[in-house]
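Below you'll find the structure, written out as structure tokens, and then a few comments.
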Amino acid sequence: MSQTNDTIFGKIIRREIPARIVYEDEHVLGFHDVDPKAPVHVLFIPKKYIPTLNDATAEEAELLGRLMLAAAGYAKAQGFADDGYRVLMNCNTHGGQTVFHIHLHLLAGRQLQWPPG
Ligand code: DGP
């Protein structure tokens, strides 16, 4: 993806708008969701612009794994990994995606319902 990332998350990556950042490395940024659906709701995003999971290629396989490992590492560091948590990624309309820069939701802090609806 070479086009400019004009999404709200692109602006967060570039520090054009504020976010409550909890994790950062060379490839990944983690920050609190502005509209939390659970006591813990953090989003992990790649710094590389990928609009939807449909746009990811094999070249990005490691990067996608990094999102998962960043979420698990955060859960362990925050002490709720043993109680448990959920990670999920929405894709396009039926998945409920509203921001078109892929993001892994990390939800925790209460018993989560399944199926999510
Ligand atoms: P999704 O529906 O999967 O595309 O999730 C997008 C999430 O992004 C949603 O839970 C709300 C969150 N969100 C939207 N705008 C902002 C923002 O400006 N800052 C932060 N921190 N989160 C945002």
Side-chain angles (χ1 to χ4, degrees):
M1 283 290 150
S2 58
Q3 76 248 48
T4 310
N5 182 354
D6 286 326
T7 70
I8 201 88
F9 293 170
K11 294 181 171 127
I12 288 173
I13 291 166
R14 295 191 296 272
R15 305 302 204 267
E16 291 168 9
I17 62 165
R20 293 167 56 210
I21 294 171
V22 298
Y23 178 85
E24 181 163 22
D25 65 27
E26 188 186 344
H27 304 283
V28 175
L29 193 66
F31 52 89
H32 287 281
D33 192 295
V34 81
D35 181 20
K37 312 298 187 301
V40 176
H41 190 171
V42 173
L43 304 172
F44 290 88
I45 70 173
K47 291 184 176 175
K48 180 175 183 180
Y49 181 35
I50 306 172
T52 81
L53 188 55
N54 290 336
D55 300 302
T57 66
E59 212 176 277
E60 278 116 28
E62 185 181 330
L63 182 57
L64 295 174
R66 285 179 183 279
L67 299 180
M68 298 282 240
L69 292 177
Y74 180 76
K76 289 177 199 168
Q78 292 295 308
F80 59 81
D82 287 345
D83 282 341
Y85 54 90
R86 180 171 297 155
V87 290
L88 65 89
M89 186 178 289
N90 296 324
C91 183
N92 280 339
T93 309
H94 282 190
Q97 185 175 7
T98 59
V99 178
F100 289 86
H101 176 118
I102 61 168
H103 44 283
L104 192 69
H105 293 260
L106 169 64
L107 297 151
R110 66 170 165 79
Q111 181 61 55
L112 299 164
Q113 300 308 306
W114 190 261

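Side-chain atoms are counted along with the backbone in the values below, which use heavy atoms only and exclude waters and symmetry mates. Owing to the predicted nature of the structure, the values given are computational and were not obtained by experimental measurement. Remember, it's 1-based here, ligands and their atoms both numbered in the order they're listed.
For ligand 1, none of its N or O atoms has an N or O atom of L43 under 3.5 Å away. Taking only nitrogen or oxygen atoms, main chain and side chain alike, H41 does not reach within less than 3.5 Å of ligand 1. An N or O contact shorter than 3.5 Å links V99 to ligand 1 by distance.
Counting protein heavy atoms only, atom 22 (N) of ligand 1 is closest to V34 N, 3.2 Å.
For ligand 1, the atoms lying closer than 4.0 Å to a non-hydrogen atom of K37 are 10 (O). In the vicinity of D33, heavy-atom distances shorter than 4.0 Å reach the ligand 1 atoms 7 (C), 8 (O), 9 (C), 10 (O), 11 (C), 12 (C). The distance from ligand 1 to the heavy atoms of F31 drops below 4.0 Å at these ligand atoms: 21 (N). Close contacts between ligand 1 and N90 involve ligand atoms 1 (P), 2 (O), 3 (O) [criterion: under 4.0 Å to a heavy atom]. Each of the atoms 1 (P), 3 (O), 5 (O), 10 (O) of ligand 1 lies under 4.0 Å from some heavy atom of H105. Residue contact check: G96 has heavy atoms under 4.0 Å from atoms 1 (P), 2 (O) of ligand 1.
Between V40 and F80, some side-chain heavy-atom pair lies under the 4.5 Å cut-off.
Residue contact annotation: H103 has a non-hydrogen atom under 4.0 Å from ligand 1.
Pairing each heavy atom of A38 with each of L112, the nearest pair is CB-CD2, 4.3 Å.
One N or O on the side chain of R14 and one on the backbone of N5 form a donor-acceptor pair closer than 3.5 Å. Formation of a donor-acceptor pair under 3.5 Å by the T4 side chain with backbone atoms of D6 is not found in this model.
Partners of D35 under the salt bridge (charged side-chain N to carboxylate O under 4.0 Å, His left out) rule, at least two apart in sequence or in another chain, are K37.
Around the CZ atom of R20, the shell of radius 6.0 Å holds no more than 12 heavy atoms that belong to other residues, nucleotides or ligands.
When heavy-atom distances to ligand 1 are checked against a 4.0 Å cut-off, T98 comes that close through both its backbone and its side chain. Proximity of F9 to ligand 1, defined as any heavy-atom pair under 4.0 Å, is confined to the side chain (atoms from C-beta onward).
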